[in-house]
Every structure is written in C-alpha cells, then in structure tokens.
Amino acid sequence: MNRRFPWPQLACKLTAAICLLATAPLAWAQRGFPERPVKLVVPYAAGGPTDTFARALAESWSRQTGATFIVENRSGAGTMVGTEMVAKAPPDGYTLLLTTVAHAVNPSIHATLPYRTVEDFAPVGLAAKAPLVLVVNKSMPVQTLPEFLAYLKSHPGKINYGSAGIGSAPHLGAELVNYLAGTRAMHVPYRGSAPAMADVIGGHLDFMIDSAPTGLAQVQAGTVRLLATSMGKRLPQTPDTPAIAEAVPGYEAYTWNAVFAPAGTPAPLLKKLTASLQAALHDEALKRRAYDMGLVLETNPTPAALADFLDSELKKWSEVAKATNMSAN
C-alpha cells in the first residue's frame with residue numbers, strides 16, 4: 001500500500017528546529033541565570049536608609065524570583081569605592097549597584113572619578129524615590145515655612161545647617177533652597193546624618209533637611225519641629241505639612257535608589273533583571289515597608305527611563321553645584 005510522505009509535517013518540524021536554533025543563545029542565557037547568588041552592592045555603610053531599603057528589596061527580589069540576592073556594603077569616598085567595584089566587575093549579571101543621587105552629583109563635585117558615570121554602567125531600573133523633610137531646632141523663632149524663608153533672608157550667612165557630608169542628599173536639598181530662594185544658609189558637613197541631627201536637637205545647628213524616615217522619627221519624638229517636605233507635592237504620610245515647592249516654585253529634592261549593572265552586560269540578562277526588579281517592586285511586603293520608610297516605589301522601572309532620569313539629574317545638580325560653588329576637593 002502506498003503512503004504519501006508527510007512533507008508538510010516535516011516542513012513544520014524543520015521550521016521549528018531552525019527557530020529553536022536561532023533563539024538558543026537567548027533561551028540558554030535565560031535558563032542558566034542565575035546559577036549562584038546575585039550581589040547587590042550598596043556604596044554606604046550598613047544600617048543607613050539606603051542599606052535598609054536594599055535589604056528589603058533583596059528579600060523581595062529573592063522571593064519573587066526564587067534566586068538569592070544578597071547585599072554587600074562597600075562604603076567609602078562618597079560612594080566611589082563601591083561604585084568603582086561594580087564598574088570593574090565582570091558584566092555577567094551577578095554584581096549590581098544600588099546607588100543614590102550621589103551617583104549624579106559626584107561628577108560635579110570631584111575633579112576626577114575612578115569610573116565613568118554613564119559609560120561604565122548599564123541601567124537596570126529606578127527602584128524608589130526617597131523624600132526629605134525640613135526640620136528646625138525647636139528654639140528657632142519660626143513656626144511655618146514662609147516664616148523660615150523670611151528668617152533666612154533676613155539673616156544671610158548667619159543661619160547654619162548640617163548634612164551627612166558634601167554631596168549628600170541633605171546637603172543638596174539645603175543648597176537647592178539657597179539656589180532657588182536666594183538665601184545664604186551656611187553648610188556644616190558631618191560624617192553622617194545622625195551626628196548632624198543630634199546637633200540640630202542640641203541647638204548647635206539651626207536646621208537640617210534630612211531623610212524622611214529619620215527626620216520624621218525625631219518629629220514624632222518631639223525633639224525637632226517639622227516645617228516642610230521636599231517632593232513636588234505633599235507626602236501622603238504628612239498631608240498637613242506643606243511641600244517646599246509651595247513657597248519656592250520649582251523646588252524638588254530627594255534622594256533615590258537605582259539599580260545599575262556593569263557596562264557590557266548582555267541584553268538578555270538586563271531584560272531579565274529589569275523584569276524581576278519590576279516584580280520585586282510590586283511585592284506587597286516591600287510596598288508596606290517602603291511606605292513605613294517614607295519611600296515612593298517606582299511602578300514600571302525600565303532601563304530607558306533610568307537613563308533619561310540620570311541624564312536629567314546630572315544636569316540639575318551640575319547647575320546647582322556651579323551656582324553654589326559646591327566641591328568635595
């Protein structure tokens with residue numbers, strides 16, 4: 001009995017095989033990664049707000065992917081130690097950088113850097129924005145944001161503020177007030193936010209623009225007076241407190257947490273990292289912890305959006321640094 005050879009079926013199988021071969025590298029990369037823990041490098045010491053968020057993110061990232069994400073603290077030189085480490089790491093997806101606004105301001109305040117801010121990194125995604133709060137020593141004779149600004153203008157060069165160091169978010173936030181409001185408050189840098197806040201409480205400093213979690217904790221303890229917050233709009237955690245932008249048009253200052261990989265990381269790995277970061281940021285446990293920390297999580301982080309965001313931050317803080325003679329050298 002004659003049987004017809006199944007040419008149509010064979011053609012379909014050959015086509016499928018060719019497609020499989022064409023996509024084999026991508027499929028292999030996705031299937032084989034990660035085979036070991038992924039290191040999330042934080043260029044700050046353990047225990048600070050960036051480290052705290054990084055550990056919460058790593059937990060959610062691990063939970064959502066079934067892989068292991070671990071935090072490694074590499075502090076020093078205003079975030080440059082940890083940042084350089086990631087810039088020089090193998091571009092295999094196993095070493096990532098979780099950094100802050102310092103990444104955007106360092107090129108403007110340092111004469112040289114041991115890495116290239118844009119070219120040596122591949123953006124994965126923006127993870128969160130961290131608001132700041134303006135608090136004053138309770139003996140300072142101001143009760144409102146307008147009174148505070150008027151007091152600064154009437155006492156040029158006589159009112160001081162503290163920060164966690166040159167180029168830190170508290171420093172940037174206060175200098176942006178000087179830049180946009182035409183005030184001249186004097187900067188006193190510290191080696192961290194905690195000792196600066198202690199001197200605000202003790203009356204050695206007049207005010208500070210601190211991270212929301214630590215600043216609001218002191219407000220709740222009754223040690224300082226809250227006058228304003230730093231985002232463009234009021235915070236949901238403090239709806240009765242005005243944003244600085246309500247009295248200083250155009251003002252918006254915050255730190256942020258963004259994930260970068262070393263430049264040269266293969267596109268399939270970057271795509272997988274971004275997708276898994278998106279899943280981690282939608283984790284309900286992380287959402288609750290972020291709210292308690294005063295953070296605003298990104299809902300749809302992408303490499304392109306982070307690249308554009310970094311470009312805008314570089315331009316913004318370069319302008320402020322030049323106008324206020326900000327330098328770490």
Within the structure provided, determine whether Thr255 and Ser211 are in side-chain contact (heavy-atom separation under 4.5 Å).
no
Same cluster (ILVMFWY, side-chain, under 4.5 Å), Leu277 and Leu286
yes
Expected output: side-chain His103 to main-chain Thr117 donor-acceptor under 3.5 Å
yes
Whether Asn178 side chain and Ala185 backbone form a donor-acceptor pair below 3.5 Å:
yes
When rounded to the nearest 0.5 Å, the distance separating CG of Leu269 from NZ of Lys272 is 8.0 Å
Could you check if a side-chain atom of Val38 sits within less than 4.5 angstrom of a side-chain atom of Trp61, using non-hydrogen atoms only?
no
Any donor-acceptor pair under 3.5 Å linking the side chain of Lys316 with the backbone of Ala104?
no
Partners of Glu284 by salt bridge (charged side-chain N to carboxylate O under 4.0 Å, His left out), sequence neighbours excluded?
Lys287
A side-chain contact here means heavy atoms from C-beta on lying under 4.5 Å apart; do Met293 and Pro213 qualify?
yes
Rounded to the nearest 0.5 Å, the CG atom of Leu126 sits from the CG atom of Asp308 at a distance of 11.5 Å
Taking salt bridge (charged side-chain N to carboxylate O under 4.0 Å, His left out) as the definition, give me every residue that meets it alongside Lys315, ordered by chain and number, with sequence neighbours left out.
Asp311
Minimal heavy-atom distance between Pro236 and Pro239, with the atoms involved, is O-CD, 3.4 Å
Mind checking whether Leu98 and Phe53 have side chains closer than 4.5 Å, heavy atoms only?
yes
For Phe33 and Gly93 the tightest heavy-atom approach is CZ-O, 3.3 Å
Nearest-0.5 Å distance that lies between atom CG in Asp210 and atom CE in Met197:
4.0 Å
Give the cluster check for Leu297 versus Leu57: same hydrophobic cluster or not, with ILVMFWY residues linked at side-chain heavy-atom distances below 4.5 Å.
yes
What do the steps show when you test Val320 against Tyr179 for side chain to side chain contact (heavy atoms under 4.5 Å, CB included), and what is the final call?
CA-CA 7 Å; Val320 174; Tyr179 178 56; 4.0 Å; yes
Under 4.0 Å between a Lys/Arg side-chain N and an Asp/Glu carboxylate O for Arg36 and Asp92?
yes
Chi angles and distances behind the side chain to side chain contact (heavy atoms under 4.5 Å, CB included) call for Gln237, Thr229:
CA-CA 10 Å; Gln237 293 90 341; Thr229 56; over 6 Å; no
Is it true that a side-chain atom of Glu72 and a backbone atom of Lys39 form a donor plus acceptor pair closer than 3.5 Å?
no
In terms of side-chain geometry, is the basic nitrogen of Arg234 or Glu246 positioned less than 4.0 Å from the acidic oxygen of its partner?
yes
To check you understand the geometry: which heavy-atom pair defines the closest contact between Gly165 and His171, and what is its length?
O-CB, 3.5 Å
Might you work through the side chain to side chain donor-acceptor pair (under 3.5 Å) test for Thr79 and Asn106, ending with a clear yes or no?
CA-CA 9 Å; Thr79 74; Asn106 275 343; 3.1 Å; yes
Any residue meeting ring pair (Phe, Tyr, Trp, His ring centres under 6.0 Å) with Trp317, in chain and number order, not counting sequence neighbours:
none
So how far is it from Leu235 CG to Ser230 OG, rounded to the nearest 0.5 Å?
7.0 Å
Which salt bridge (charged side-chain N to carboxylate O under 4.0 Å, His left out) pairs, counting each pair once, include a residue from residues 98-119, with sequence neighbours left out?
Arg116-Asp120
Check: Thr223 side chain, Gln218 main-chain N or O, donor-acceptor pair, under 3.5 Å
yes
With hydrophobic residues grouped by side-chain heavy-atom distances under 4.5 Å, do Tyr254 and Val133 end up in a single group?
no
Mind checking whether His187 and Tyr161 have parallel, tilted or perpendicular rings, split at 30° and 60°?
parallel
Restricting to ring pair (Phe, Tyr, Trp, His ring centres under 6.0 Å), what partner residues turn up for Tyr115, sequence neighbours left out?
Phe121
Spatial distance of atom CD1 (Ile244) from atom CE (Met231) [nearest 0.5 Å]
12.0 Å
Identify the heavy atoms of Thr265 and Leu270 that sit nearest to each other, and give their distance.
O-CD1, 3.6 Å
Applying side chain to side chain contact (heavy atoms under 4.5 Å, CB included), run through Lys158 and Arg184 and close with a yes or a no.
CA-CA 8 Å; Lys158 297 180 180 180; Arg184 192 155 57 87; over 6 Å; no
Contact between Leu145 and Thr241 at the side-chain level, heavy atoms closer than 4.5 Å - yes or no?
no
Reference residue Leu152; test side-chain contact (heavy atoms from CB on, under 4.5 Å); the match among Thr183, Val142, Asp206:
Thr183
OG1 of Thr50 to CH2 of Trp256: how many Å apart, nearest 0.5 Å?
10.5 Å
Please answer: with hydrophobic residues joined when any side-chain heavy atoms are less than 4.5 Å apart, are Met208 and Val248 in the same cluster?
no
Heavy-atom distance under 4.5 Å between the side chains of Arg289 and Leu295, does that happen here?
no
Nearest non-hydrogen partners of Ala122 and Pro262, listed with the distance:
CB-O, 3.8 Å
Is there a path of hydrophobic side-chain contacts, each under 4.5 Å between heavy atoms of I, L, V, M, F, W or Y residues, that connects Val177 with Phe207?
yes
Please report the shortest heavy-atom distance between Pro303 and Pro123, naming the atom on each side.
CB-O, 3.3 Å
Partners passing side-chain contact (heavy atoms from CB on, under 4.5 Å) against Ala46 (at least two apart in sequence or in another chain)
Asp51, Arg55, Asn73
Contact between Val224 and Ile201 at the side-chain level, heavy atoms closer than 4.5 Å - yes or no?
yes
Any non-hydrogen side-chain atom of Leu227 less than 4.5 Å from a side-chain atom of Glu147?
no
Starting from the C-alpha separation in whole Å, work towards a yes-or-no answer on side chain to side chain contact (heavy atoms under 4.5 Å, CB included) for Phe148 and Met140.
CA-CA 9 Å; Phe148 170 78; Met140 195 173 182; 3.9 Å; yes
